[in-house]
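Read through the structure below, which is laid out as structure tokens, and then see the notes.
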Amino acid sequence: MYDAPNSERDVEVKDIRIAATGVQVYYGDTHAIKDVSVQIEDKTVTAFIGPSGCGKSTFLRCLNRMNDTIDICRVEGDIRIDNEDIYDKRVDPVQLRAKVGMVFQKPNPFPKSIYDNVAYGPRIHGMAKNKTDLDEIVERALKRGAIWNEVKDRLHAPGTGLSGGQQQRLCIARAVATEPEVLLMDEPCSALDPIATAQVEELIDELRQEYSVVIVTHSMQQAARVSQKTAFFHLGNLVEYGVTDKIFTNPQDKRTEAYITGRIG
Ligand SMILES: Nc1ncnc2c1ncn2[C@@H]1O[C@H](COP(=O)(O)OP(=O)(O)OP(=O)(O)O)[C@@H](O)[C@H]1O
Ligand SMILES: [Mg+2]
């Protein structure tokens, strides 16, 4: 049998989950994303970093068509997830958002019980045959959100009554309940204290086993801790994209270097 040399064996080849080509985004006359092409891998955490206003959230929102909800926003170019053009007219954005889940900066549980927060998506998408089925889906999602032990005795209490860090993990549980393939997170820890942040970071690392995770963060320490790939944006351009360790230790572009050493931002 062919035995690959070490160097070859050590290079992990991951499937491409998201392929974006020539993406442009405009808000009215503002050109917010300029000809961005990137390929995002499966079972990988990809961090989007860059100064405020550089377009991180805008580009992230292109990946599940959240920009559709902003009237003045226009998206051009080609974005494929698992080789399917997500801007094709036949694609239902609601179905797409079940497949490409999103977690926001501020924990935003619905004003419903913990149980109903998580059951919401599976109910809309008819994922459960009966109550037992739904109970199992909810339990599994809360376990994946690393919050099951803290809430299992009060599933019918309001989600809004949890602490900030618990609410954010509940929102992650809600996002994974529909069995998404991609999880988008826009600064998911910025409202959390260091302990809750560490819990969410640990969870992100576990989620990577099953999903492609894309996280926007202002914390370079966080990007270095949780991601394997990093994309650096500047003034709407994707300046540099590659292996996280390399971006942080040996950036190829002066703008990336200036940002990671704290000279721009
Ligand atoms: N809803 C909107 N309407 C008009 N312009 C917008 C809108 N959202 C973003 N923009 C503009 O698009 C550009 C990119 O903004 P975006 O929010 O994507 O940046 P960001 O990198 O996420 O910044 P931050 O780190 O501050 O969150 C900015 O110039 C911003 O002013
Ligand atoms: Mg943003």
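Counting starts at 1 for both ligands and their atoms, in listed order.
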Write none if no such pair exists; otherwise list each N/O atom of ligand 1 with its protein N/O partner under 3.5 Å and the distance.
residue, atom, partner, partner atom, Å
ligand 1, 8 (N), Y27, OH, 3.4
ligand 1, 18 (O), T58, N, 2.9
ligand 1, 18 (O), T58, OG1, 2.5
ligand 1, 19 (O), G55, N, 3.3
ligand 1, 21 (O), C54, N, 3.3
ligand 1, 21 (O), G55, N, 3.0
ligand 1, 21 (O), K56, N, 2.9
ligand 1, 21 (O), K56, NZ, 2.8
ligand 1, 22 (O), S57, N, 3.0
ligand 1, 22 (O), S57, OG, 2.8
ligand 1, 23 (O), G53, N, 2.8
ligand 1, 25 (O), K56, NZ, 2.7
ligand 1, 25 (O), H218, NE2, 2.8
ligand 1, 26 (O), S52, OG, 2.5

Parallel, tilted or perpendicular: rings of Y26 and H31 (30°, 60°):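 H31 and Y26: parallel rings.
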From NE2 (H218) to OG (S190), nearest 0.5 Å: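 One finds 9.0 Å between NE2 of H218 and OG of S190.
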For a 4.5 angstrom cut-off between non-hydrogen side-chain atoms, does [X] reach [Y]?
X: V91; Y: D85; result: no
X: C171; Y: P109; result: yes
X: R80; Y: I18; result: no
X: E41; Y: T46; result: no

Nearby protein N/O/S atoms (those under 2.8 Å) for the Mg ion (ligand 2), with water ignored: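 Per the 2.8 Å query on the Mg ion (ligand 2), atoms found are S57 OG.
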Test item: side-chain donor near acceptor, N67 and R61, under 3.5 Å: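 Side-chain D/A pair, N67 to R61: present.
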Over-ring placement of R144 relative to Y211, 6.0 Å and 45° cut-offs: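 Here R144 fails the 6.0 Å and 45° test against Y211.
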Pair E179 + R140: basic N to acidic O under 4.0 Å: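 Yes, charged N to carboxylate O under 4.0 Å.
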